[in-house]
Amino acid sequence: MTTLATPTYQNLLVERRGAVTLLAIHRPDVLNALNRATLAEIETCARAFAADPEQGALIVTGSGDKSFISGADINELAVLDPRGAEDISRFGQRVLDALARAGKPVIAAINGYAFGGGCELALACHIRLAAENAVLGLPEVSLGIIPGYGGTQRLPRLVGAGHALEIILSGRRVKADEAERLGLVNRVVPRDQLIAEAEKLALAILRNGPLAVAAVLEAVDRGTAMPLDDGLRLESGLFGILAASEDMHEGLKAFLEKRPARFQRR
Ligand code: COA
């Protein structure tokens, strides 16, 4: 991956490739551990991505070839008091929510260690691709703490309570192939093709109606936190709203006319 440092960020490398934005966490001395300053930068980047109509999809990865994100920065965790611990947990959750609720696809390209907060960041992304050398885990209990950036909530929703409890309670490492079997990652790809595969997936999504893509993200994000009947009503409501869009009529008409659709995001 070629990266360009954006001067506004100390700990992130951000590169625009057309409508796809690549964000690499860059703290090489600590294998890309997330300190508070880096979390704040991720939030800024996520909000800028969500607000910019030119940016259609975000790929999050780690700089270097060894680590996605090694976790929360243990140097900062070591000095927390109860108030500070709850605060940083809420802050981390808010930052990861900014990715989860960006309204556009966010893909984690997991290129090595994804522990603790790194695994939780990947869980907040909509889709996870893993390189063959990826290793994931939530080792917090081995440090006497618990996952605090959404891990106890998002992991069971993704892989089921049984697998989640085993992974969180043991703190064990889950290699890429097992992560794929469990559904913890969508797919394992060769190391040197990770970013290209993520980009290919992002571009495939971007060929679809952007309002429809946003509606799917909302239906799945909000729907999984609802009873089924409420989720089904949410789905119908969004289906109805889309019928008011020019894009829906364009998409259906283009199919009937056997031509590619020209979506306008309206
Ligand atoms: N926070 C702060 N520093 C970290 C870190 C973290 N989460 N993870 C790694 N580092 C630092 C190490 O302390 C080391 O610093 P040093 O060079 O000053 O000694 C440097 O990054 C390189 O790590 P090292 O342990 O030497 O690399 P490794 O390849 O042998 O092992 C890991 C890599 C990721 C397996 C190991 O660093 C690790 O277990 N890290 C903690 C993972 C964790 O528990 N995360 C959850 C936190 S809640």
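Remember, it's 1-based here, ligands and their atoms both numbered in the order they're listed.
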Geometric N/O contact Lys66 with ligand 1, under 3.5 angstrom: yes
Basic-acidic side-chain contact under 4.0 Å: Lys253, Glu250: no
Is_contact(atom 1 (N) of ligand 1), protein non-hydrogen, under 4.0 Å: yes
Atom 35 (C) of ligand 1 - nearest protein heavy atom and its distance: Arg173 NH2, 3.3 Å
salt_bridge(Arg233, Glu235) N-O dist < 4.0 Å: no
Interatomic distance, Leu165 atom CG to His163 atom NE2 [nearest 0.5 angstrom]: 11.0 Å
Salt-bridge criterion met for Lys175 and Glu132 (N-O under 4.0 Å): no
Under-4.0 Å protein heavy-atom contact, atom 29 (O) of ligand 1: yes
Atoms in ligand 1 flagged as close to Leu77, the criterion being non-hydrogen separation under 4.0 Å: 48 (S)
For atom 44 (O) of ligand 1, the protein heavy atom that lies nearest, with its residue and separation: Pro139 CG, 3.5 Å
Close-contact set for ligand 1 against Asp29 heavy atoms, below 4.0 Å: 20 (C), 21 (O)
Nearest protein heavy atom with distance in Å, relative to atom 7 (N) of ligand 1: Ala72 O, 2.9 Å
By side-chain hydrogen bond (donor to acceptor under 3.5 Å, both in side chains) - contacts of Asn35 (at least two apart): Thr38
Interfacing atoms of ligand 1 (cut-off 4.0 Å, heavy-atom, Ala33): 1 (N), 6 (C), 7 (N)
Backbone N/O of Ser63 and side chain of Asn32: donor-acceptor pair under 3.5 Å: yes
Donor-acceptor contact below 3.5 Å, side chain Thr44 vs main chain Ala40: yes
Residues 205-220 side chain polar contacts: donor-acceptor under 3.5 Å, at least two apart:
residue : atom : partner : partner atom : Å
Asn208  : ND2  : Ala204  : O            : 3.4
Asn208  : ND2  : Ile205  : O            : 3.4
Glu218  : OE2  : Arg222  : NH1          : 2.6

Lys/Arg-Asp/Glu bridge criterion (N-O < 4.0 Å) met for Arg154, Asp97: yes
Protein heavy-atom partner closest to atom 11 (C) of ligand 1 - residue, atom, separation in Å: Val30 CA, 3.8 Å
Verify atom 48 (S) of ligand 1: protein non-hydrogen atom under 4.0 angstrom away: yes
Contact check: Ser70 vs ligand 1, nitrogen or oxygen atoms, below 3.5 angstrom: yes
Where His126 and Arg128 come nearest, the two heavy atoms and their spacing: O-NH2, 4.1 Å
Atoms in ligand 1 with a heavy atom of Phe115 nearer than 4.0 Å: 34 (C), 35 (C), 45 (N)
Ile74 N/O to ligand 1 N/O under 3.5 Å: yes
Any protein heavy atom < 4.0 Å from atom 19 (O) of ligand 1: no
Any protein heavy atom < 4.0 Å from atom 38 (C) of ligand 1: no
Residues Arg36 and Asp73 bridged, charged N to O under 4.0 Å: no
Any non-hydrogen protein atom less than 4.0 Å away from atom 16 (P) of ligand 1: no
Within-cut-off N or O pair, Ile145 and ligand 1, under 3.5 Å: no
Shortest protein contact, atom 23 (O) of ligand 1 (heavy atom only): Leu31 CD1, 3.5 Å
Row check, Phe49 ring normal vs Lys104 NZ/CZ: under 6.0 Å, within 45°: yes
